[in-house]
Number of protein chains: 2
Amino acid sequence: MLQFTKRTEYALIALVHMVDREGEVTSVRELCERYPLPKRLLAEVLKDLSHAGLVVSHRGAQGGYSLAAPAERLTLGAIIGAIEGVPTLTNCDALALSRDGGCEVHPVCPIRSPIERVRENIWRLFEATSLRSLVPDPRAGRTEVIQRLRESLATGAPH
Amino acid sequence: MLQFTKRTEYALIALVHMVDREGEVTSVRELCERYPLPKRLLAEVLKDLSHAGLVVSHRGAQGGYSLAAPAERLTLGAIIGAIEGVPTLTNCDALALSRDGGCEVHPVCPIRSPIERVRENIWRLFEATSLRSLVPDPRAGRTEVIQRLRESLATGAPH
DNA sequence: CAATATAGCACTGAAATGGTGCTATATGGC
DNA sequence: GCCATATAGCACCATTTCAGTGCTATATTG
């Protein structure tokens, strides 16, 4: 439905939380004490992020997770990709990857390339958005949040 | 899964088809003869577009659908909205709209506004993309089509 | 050794999605 | 008027995806 999954949402909450604690380890328990999220599911999400190399796991007591790279270098695209996989928007791609001849509409499909452009634009937006940029500046108050909203409005949409 | 539904895909195929035939009516049968799409489902999609006022229906023999406005004024956002509804990306919105107190994470949710910005950007992209801009230029020959394909290839898209 | 915490794997229930069945109604041509 | 065509409406089923959980194993600290 063109919507982030809860897993991705949880991943973002966890990662944003960790940005303020770079260098430290954050456990799932700690996260669940702070945010009312299902512990087991959050654990699964963190595991996925670990597999994707976005966070580093530390097992055992006093263990947890920490960012695998500075928040500037972790992109929204990488995060979404780790949890949901690279979005394909149309089914053309998925079908093209299967062996059964690919998308049967394709030879006469009038929207494929154009829709690809849209997909590219969205994906570029994701990859251009760093985890750092998703974290509200702690020094800024409510004004800053409004400022951010104004900025995004002024940026306009790529086309 | 952050992906267009097939319904939206079919809608786009139908609409793009109709752009080249502005003023004429296009029936579901006609569309299915040209593209290998499930007829009944495509009919449902066209009905949705009709309800949303994006196309005008003409009942009876020789009937069909035609664009309700010039292709320049029909936006991708309106099309997606008609078929899938306005995307909410996070569940915050949907929950916020319910009466049961809204998203329980919200009071301490560190990603809400930032993710909102991302959503806004995507939605703006959709609304800034006209149906016309999705239609390959008819004055361009096969070369142009190949060019488009080359572009998508160059950017890493399969096919 | 015990407590803590991640790793791995499988599974269930609910919701969204793709697709279909059936009937009613409107229009055009014979 | 009658028939073929084509949309309108509504409900329904099957598959897939997704949220969330159960259980066991392994690693680390004290």
Side-chain angles (χ1 to χ4, degrees), chain A residues 1-11 13-14 24-33 36-66 68 80 83-85 87-91 94-95 98 103-105, chain B residues 1-11 13-14 18 24-33 36-66 68 80 83-85 87-91 94-95 103-105:
Chain A
M1 204 175 31
L2 205 60
Q3 177 172 307
F4 289 140
T5 63
K6 291 208 170 190
R7 277 177 157 90
T8 299
E9 217 176 307
Y10 297 164
I13 292 176
E24 305 173 32
V25 292
T26 303
S27 67
V28 173
R29 174 188 50 76
E30 188 182 333
L31 287 166
C32 285
E33 284 169 0
L37 306 176
K39 186 172 180 180
R40 290 282 289 102
L41 184 54
L42 187 56
E44 293 295 322
V45 169
L46 268 299
K47 269 188 276 188
D48 288 345
L49 292 176
S50 175
H51 290 158
L54 299 182
V55 298
V56 177
S57 75
H58 306 271
R59 301 178 65 166
Q62 313 302 318
Y65 298 91
S66 55
I80 296 172
I83 305 295
E84 306 187 24
T88 50
L89 256 67
T90 68
N91 305 81
L95 287 166
S98 67
C103 178
E104 50 183 343
V105 191
Chain B
M1 204 177 28
L2 205 60
Q3 179 173 305
F4 290 139
T5 64
K6 290 209 170 191
R7 278 178 159 89
T8 299
E9 218 176 307
Y10 297 164
I13 292 176
M18 285 190 268
E24 306 175 31
V25 293
T26 303
S27 68
V28 173
R29 175 187 50 74
E30 188 182 334
L31 286 165
C32 286
E33 284 169 359
L37 305 177
K39 186 172 180 180
R40 289 282 289 99
L41 183 54
L42 187 57
E44 292 295 322
V45 169
L46 269 298
K47 267 188 277 187
D48 288 344
L49 292 176
S50 176
H51 289 158
L54 299 182
V55 299
V56 177
S57 74
H58 305 270
R59 300 178 65 164
Q62 314 301 317
Y65 298 91
S66 54
I80 296 173
I83 305 295
E84 306 186 22
T88 49
L89 255 68
T90 69
N91 306 83
L95 287 167
C103 177
E104 51 183 344
V105 191

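Sequence lines set the chain letters: A, B, ... in the order given, protein chains first and strands last, and positions in each chain run from 1.
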(request) Can you sort out the partners of B:Ala52 under side-chain contact (heavy atoms from CB on, under 4.5 Å), two or more places apart, ordered by chain and number? (result) B:Leu54, B:Ala82

(request) Rounded to the nearest angstrom, tell me the gap between atom CG in A:Leu49 and atom P in C:dT6. (result) 13 Å

(request) Find out whether A:Asp48 and A:Val45 are in side-chain contact, i.e. whether some heavy atom of one side chain is under 4.5 Å from a heavy atom of the other. (result) no

(request) Grab the CG-P distance between B:Asp48 and C:dG19 for me, whole Å please. (result) 15 Å

(request) Using heavy atoms to find the nearest nucleotide of DNA chain D for B:Gly63 and A:Gly60 separately, return the residue whose nucleotide is more 5′. (result) B:Gly63

(message) Please pick, from D:dT29, D:dT7, D:dC18, the nucleotide with the shortest atom-to-atom distance to any side-chain atom of A:Thr5.
(response) D:dC18

(message) Counting only side-chain heavy atoms from C-beta out, which of C:dT6, D:dG20, C:dG18 sits nearest to A:Leu41?
(response) D:dG20

(message) Expressed as a whole number of angstroms, how long is the span from B:Gln62:CD to D:dA6:C1'?
(response) 10 Å

(request) Would you indicate, yes or no, if D:dG20 has its OP1 or OP2 atom less than 4.0 angstrom from a side-chain nitrogen or oxygen of A:Tyr10? (result) yes

(request) Using whole Å, report how far CD of B:Glu9 lies from C1' of C:dG19. (result) 15 Å

(message) Just to verify, what does B:Glu44 make a salt bridge (charged side-chain N to carboxylate O under 4.0 Å, His left out) with, not counting sequence neighbours?
(response) B:Arg40, B:Lys47

(request) Can you tell me the distance, in whole Å, between the CG atom of B:Leu2 and the P atom of D:dT17? (result) 15 Å

(request) Just compare C:dG18, D:dA6, C:dT6 and give me whichever is closest to any side-chain atom of B:Arg7. (result) C:dG18

(request) Quick one: list whatever passes side-chain contact (heavy atoms from CB on, under 4.5 Å) with A:Thr26, sequence neighbours left out. (result) A:His17, A:Met18, A:Arg21, A:Glu30, A:Leu31

(message) How many whole angstroms separate atom CD of B:Glu30 from atom P of D:dT7?
(response) 10 Å

(request) Check the pair A:Gln62 / A:Val25 against side chain to side chain contact (heavy atoms under 4.5 Å, CB included), numbers first and verdict last. (result) CA-CA 8 Å; A:Gln62 313 302 318; A:Val25 292; over 6 Å; no

(message) Whole angstroms only, please: what is the CD-C1' distance between B:Gln3 and D:dC18?
(response) 14 Å

(message) Just to be sure I understand the rule, does B:Arg29 reach a base, reach only the sugar-phosphate, or reach nothing, if contact means heavy atoms closer than 4.0 Å?
(response) sugar-phosphate

(request) Go through D:dC18, D:dT28, C:dG28 for me and flag the one nearest to the A:Ala61 side chain. (result) D:dT28

(request) Report the distance from atom CD1 of B:Ile80 to atom P of C:dT17, rounded to the nearest whole Å. (result) 13 Å

Check: protein-nucleotides 8-15 of chain D nitrogen or oxygen pairs below 3.5 Å:
unit_1: D:dA8; atom_1: OP1; unit_2: B:Ser57; atom_2: OG; d: 2.8
unit_1: D:dA8; atom_1: OP2; unit_2: B:Tyr65; atom_2: OH; d: 2.6
unit_1: D:dG9; atom_1: OP2; unit_2: B:His51; atom_2: NE2; d: 2.7
unit_1: D:dG9; atom_1: N7; unit_2: B:Lys47; atom_2: NZ; d: 2.5
unit_1: D:dC10; atom_1: N4; unit_2: B:Glu44; atom_2: OE2; d: 2.9

(request) State, with a plain yes or no, whether a side-chain heavy atom of B:Tyr65 is found less than 4.5 Å away from one of B:Val28. (result) yes

(message) My understanding is that only residues two or more places apart in sequence, or in another chain, count here; which of them pass side-chain contact (heavy atoms from CB on, under 4.5 Å) with B:Arg59?
(response) none

